[in-house]
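In what follows, a single structure is set out as structure tokens and then discussed.
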Amino acid sequence: MNSYINRMIQISLRLLVEGRVDAILGFQRGTLPMMSQPILIRQPEQVDQLHWDSFCANNVANYLPKRREKVAVVAKGCDSRNIVLQIQENQIKREQLYIIGVPCHGMVDRRKVLADLNGREVLEVRDKDGILCLAAEGFEEVFLHSEYLQDNCAICRHRNPVIYDELVAEPVTEQTEVERFSDVLALEAMTDIERWQHFQELLSPCIRCYACRNSCPMCYCPTCFVDESTPQWLGRSIDPTDTQTYHFLRAYHLAGRCTDCGNCELACPVGIKMRQLTKKLEKDILELYGYEAGLSLDEPPPLDTYRPDDPQEFIK
Amino acid sequence: MENPYFPYPVRIDSVAVETEDRNLKTFKLVFEKPEHQGKFVHRAGQFAELSIAGKGEIPIGIASSPTEKGYLLFTVNKVGLVTTALHRMVAGDIIGVRGPLGNCYPWDKLEGMNVVIIGGGFAFTTLRASIVYMLHPGNRSRFGDITVIYGARTPGMLLYKEELTAWERRDDILVHITVDATDNPDWKYNVGFVPTITQEKAPSAKDSYVIVCGPPVMIKFTLPILSELGYPPERIIMSLEMRMKCGIGMCGRCNIGTEYVCKDGPVFTLAQLSQMVAEY
Amino acid sequence: MSKRVIDKTELPDLIGRLMESNRVYAPVRQNDMTSFKLLTAAEQADFNLSNTTLSPKSLMLPQSEWLFDFTLDKAKKETSFLSEIPHDYSPRFVFGIRPCDAKAFQLLDLNFHSPQYRDPWWVNRRQTTTLVGLGCNNPCTTCFCTSVGNGPFAADGLDVLITDLGDELLLEALTHKGFELLAQTGVGAEASAATLEAALAIHHRAKQAIKSEVPTERLKDRSLIDLFNADFWEEVQFACINCGVCTFVCPTCWCFDIQDEVSKNSGVRLRNWDACMFPLFTLHGSGHNPRAQKLQRVRQRFMHKLKYFVDKYDNGVACVGCGRCVQQCPVNIDIRWVFQLMNGLAD
């Protein structure tokens with residue numbers, strides 16, 4: 001990790017001093033163990049604040065849409081795919097970006113670590129070579145990075161950036177054979193009624209904070225459908241029907257656009273596993289159109305293009 | 001315990017279209033229950049929340065003076081969901097009214113003083129209430145000279161046209177009506193922006209208070225002129241607007257710094273505003 | 001009879017008996033999340049946590065609440081008349097509320113129970129609810145209650161304070177409601193002097209155990225306009241994604257929205273939690289938005305809690321140091337850092 005940080009700092013310093021970019025978009029160390037905070041650095045003196053570890057899961061592409069200036073952005077595999085999509089959707093221009101590509105070993109799920117600590121609080125975390133060393137008053141424990149990955153990172157096939165100007169390290173091996181859709185298959189195996197009940201339960205804790213939406217780099221509509229008032233499409237209360245409508249509709253708006261960066265689940269304060277919705281749509285898009293979101297600037301999104309051979313059995 | 005969120009049911013007695021683009025209508029409201037009418041005792045400058053069941057509520061300045069008994073007048077601009085629904089309503093329809101809310105113009109300070117009223121566009125509603133109040137035979141002697149400068153984009157966009165022309169003819173009030181522009185050859189009043197007319201015609205600042213209500217651009221250009229004319233910030237009175245919901249200083253949304261526009265305002269002096277954060 | 005000791009194992013029983021004729025709330029676990037819920041069985045109560053994910057704010061200000069209903073059927077005489085929907089104000093008991101959250105209710109009273117207006121739903125619920133607090137033997141690393149006029153065993157806002165002595169619990173009645181509860185349930189034995197001393201030692205240790213501190217002494221005196229125009233807001237606001245997590249988990253955030261919802265020929269006027277973080281919060285009908293930019297909204301929230309509230313009510317900050325926002329902000333915007341920035345360097 002240290003070499004990653006050093007490279008990031010080197011590259012950023014050079015870019016700022018040369019005036020190649022106006023700012024660097026990256027991470028700084030968080031105020032809590034196992035957290036980091038997105039940061040925008042404008043002054044060369046500040047590049048030392050840049051940080052990298054297994055807790056940099058936030059997708060900084062979230063801060064790009066409609067930005068006017070030139071930025072260097074620290075991007076993992078998933079982040080880089082979102083950048084491709086944002087360029088294709090005219091939210092940012094390629095020329096504005098200097099993409100500092102970060103081959104990613106997967107991010108650790110802080111909540112999984114906390115759950116296994118059984119209420120004990122951690123004061124310090126050392127993250128090195130796949131080992132997490134957690135320390136606090138009266139104890140020290142070692143967790144294996146690979147056993148506490150975020151759900152989406154465990155099944156990720158695109159850990160290396162798909163678009164970049166410079167990499168901070170050699171690419172990592174891709175998990176090309178990992179089974180991506182086992183959760184979806186389990187859902188598909190349910191009966192209609194079972195599945196309906198499953199989703200009702202899944203979404204019942206939702207407090208409509210919209211952290212999922214706001215942390216998503218692909219949700220950038222100036223006025224979200226939830227906030228329209230003429231007409232008002234759905235209610236704003238925690239009525240279950242309205243809440244389910246919000247989640248289902250948002251998932252559909254992400255069909256063919258979601259890169260499974262996992263920020264939605266990361267941000268949710270009540271632990272809703274809403275990736276179950278988008279993962280199913282990701283599988284459908286793959287099967288219907290042979291498309292994975294954001295892999296190449298040259299590949300237009302399938303829901304934006306018409307091909308005569310598009311599947312149409314659903315048209316009855 | 002009185003519920004401050006409860007709207008008194010009122011019936012629309014009449015609807016008058018005020019402006020040529022039909023976007024402003026004056027609604028005359030009559031209380032369904034006399035005990036509610038007894039509770040609704042307001043002072044010029046205050047507002048009320050008009051409630052349209054099924055649509056929502058809107059904060060609207062009370063255009064009628066407390067001297068006008070038995071009814072309330074509200075002039076409403078059609079801008080969104082609730083106002084559009086209200087504009088579709090006709091005499092006989094039931095809506096709700098919650099209030100009176102907010103503070104009023106500082107009538108205690110205006111006693112014995114000259115009062116200058118400057119209004120632009122459809123911000124003239126509570127100014128009408130103030131003028132009617134001051135001109136009432138029981139009140140007129142309590143105030144010095146009354147000067148009104150009121151302008152709109154075109155003649156057709158002026159509010160309360162008949163009353164305006166009637167006031168203009170009176171000798172106990174000096175009224176300067178103006179429009180930004182007109183190609184009507186019969187227009188006999190002023191042509192020019194409100195700030196310009198203010199500069200030309202506003203009376204001396206001695207022993208005078210000025211109440212200013214209008215769109216932001218009018219305010220921006222009128223205030224410096226008032227300063228030049230010698231009006232100190234404590235004697236320049238303004239009425240602000242904000243997105244409101246509860247109207248009683250509880251939902252937290254209409255604040256400018258520490259002040260809730262619905263409860264600590266909407267009337268503020270320029271002196272007060274200069275101590276507040278510039279976020280409105 | 002105001003200080004009683006019971007065996008820890010007696011607590012579920014006490015709760016169970018209260019439940020026979022009252023509504024009782026306590027922390028309940030659902031997957032990894034905890035919140036205060038109405039108990040259907042005493043065993044549901046889970047006191048084995050530092051604090052609930054969501055604050056107990058929803059007990060006094062439900063996230064969504066129906067206020068009035070009306071018919072839109074023009075054939076009916078009362079068409080479009082709003083009528084208040086009856087609420088249940090039968091007595092409620094809340095077990096396991098932490099002192100910070102109870103203090104938060106007192107702060108919110110300043111808003112909902114003002115000299116000019118009283119929010120009937122808030123006031124009625126406050127009056128008919130007894131808060132049985134559980135002090136914090138082991139405060140979290142993110143708790144900073146002692147910096148904001150509170151503490152792990154502070155009495156503000158509580159009717160009864162429970163101290164966990166290990167195998168036993170000390171129950172101290174602090175108010176009339178608290179006395180009534182202890183008298184009504186008639187549990188345990190009167191606390192001995194030794195027990196009281198042991199409890200005090202626990203209180204003292206807990207206070208010492210608070211590691212997080214924030215400076216507040218200059219907030220009242222610092223210039224409102226200077227703070228508003230400070231340079232540091234640019235840095236503070238950058239990472240914010242303007243969601244509602246901080247606002248919704250916070251026990252001292254209270255903003256709400258009022259809306260009408262209609263189904264066929266009838267409707268309700270309801271209110272929902274709202275957040276100054278949301279862009280539409282201050283959008284005028286004309287399209288003008290005084291806080292159209294993220295910086296303005298982020299600044300508003302912190303200025304309100306740490307300055308406007310201080311100036312307006314002269315009762316400290318609108319923050320009880322519970323640390324929930326610190327733990328749950330998806331991008332780690334730390335209010336403790338903002339306290340430092342706003343308070344400025346100590347003289």
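Residue numbering restarts at 1 for every chain, and letters A, B, ... go by the order of the sequence lines. Owing to the predicted nature of the structure, the values given are computational and were not obtained by experimental measurement.
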Chain C contact via [X] - side chain, backbone, both or neither, heavy atoms under 4.5 Å:
X: B:M276; answer: backbone
X: B:Y280; answer: backbone
X: B:Q275; answer: backbone
X: B:C254; answer: neither
X: B:I95; answer: neither
X: B:K245; answer: both
X: B:D264; answer: side chain

Side chains of [Y] and [X]: any donor to acceptor distance under 3.5 Å?
X: C:Q300; Y: C:R291; value: yes
X: B:Y160; Y: B:T75; value: yes
X: C:W122; Y: C:N111; value: no
X: B:T83; Y: B:N77; value: no
X: C:N289; Y: C:T282; value: yes
X: B:E234; Y: B:T269; value: no

- Message: For C:P251, run the side-chain contact (heavy atoms from CB on, under 4.5 Å) check against C:R324, C:M60, C:K103 and tell me which one passes.
- Response: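 Between C:P251 and the candidates, side-chain contact (heavy atoms from CB on, under 4.5 Å) is satisfied uniquely by C:R324.
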- Task: Would you mind telling me which of B:R22, B:H87, B:R88 makes a side-chain contact (heavy atoms from CB on, under 4.5 Å) with B:K78?
- Result: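 Running side-chain contact (heavy atoms from CB on, under 4.5 Å) over B:R22, B:H87, B:R88 with B:K78 returns exactly one hit, B:H87.
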Pairs of heavy atoms under 4.5 Å with chain C: top-ranked of [options]:
options: B:G252, B:G257, B:G80; answer: B:G257
options: B:P9, B:S51, B:G54; answer: B:G54
options: B:N3, B:I94, B:I52; answer: B:N3
options: B:V79, B:V277, B:V82; answer: B:V277
options: B:M242, B:E57, B:R243; answer: B:R243
options: B:P4, B:A53, B:P7; answer: B:A53

- Given C:F248, C:W254, C:F256, the one that forms ring pair (Phe, Tyr, Trp, His ring centres under 6.0 Å) with C:W273: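 Result: among C:F248, C:W254, C:F256, C:F248 is the only option passing the ring pair (Phe, Tyr, Trp, His ring centres under 6.0 Å) with C:W273.
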Below 4.5 Å from any heavy atom of chain B, which atoms of [X] appear? Answer side chain, backbone, both or neither.
X: C:L280; value: backbone
X: C:F281; value: both
X: C:Y117; value: both
X: C:R118; value: both
X: C:F70; value: side chain

Residue selection (most heavy-atom pairs with chain B, distance under 4.5 Å) from [options]:
options: C:T71, C:N229, C:L82; value: C:L82
options: C:S266, C:G267, C:S80; value: C:S80
options: C:W121, C:F309, C:Y313; value: C:W121
options: C:H284, C:K307, C:H288; value: C:H284
options: C:M303, C:E84, C:Q259, C:E78; value: C:E84
options: C:V310, C:D274, C:D311; value: C:D274

- Message: What's the separation between atom CG in C:L270 and atom CD1 in C:I258, rounded to the nearest 0.5 Å?
- Response: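 Spacing of CG (C:L270) from CD1 (C:I258) equals 9.5 Å.
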- Task: Show your reasoning for whether side-chain contact (heavy atoms from CB on, under 4.5 Å) applies to B:E18 and B:L158.
- Result: CA-CA 7 Å; B:E18 293 285 353; B:L158 287 163; over 6 Å; no
- Task: Establish, yes or no, whether the cationic atom of C:K294 lies under 6.0 Å from the six-membered ring centre of C:F238 and within 45° of the ring axis.
- Result: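 The answer is yes; both the distance and angle limits are met.
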- Would you call the rings of B:F31 and B:F40 parallel, tilted or perpendicular, where under 30° means parallel and over 60° means perpendicular?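 Taking B:F40 first and then B:F31, their aromatic rings sit tilted (interplane angle of 30° to 60°).
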- Item | Residues B:K55, C:D260: salt bridge by 4.0 Å N-O rule |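 Answer for the salt bridge query: no.
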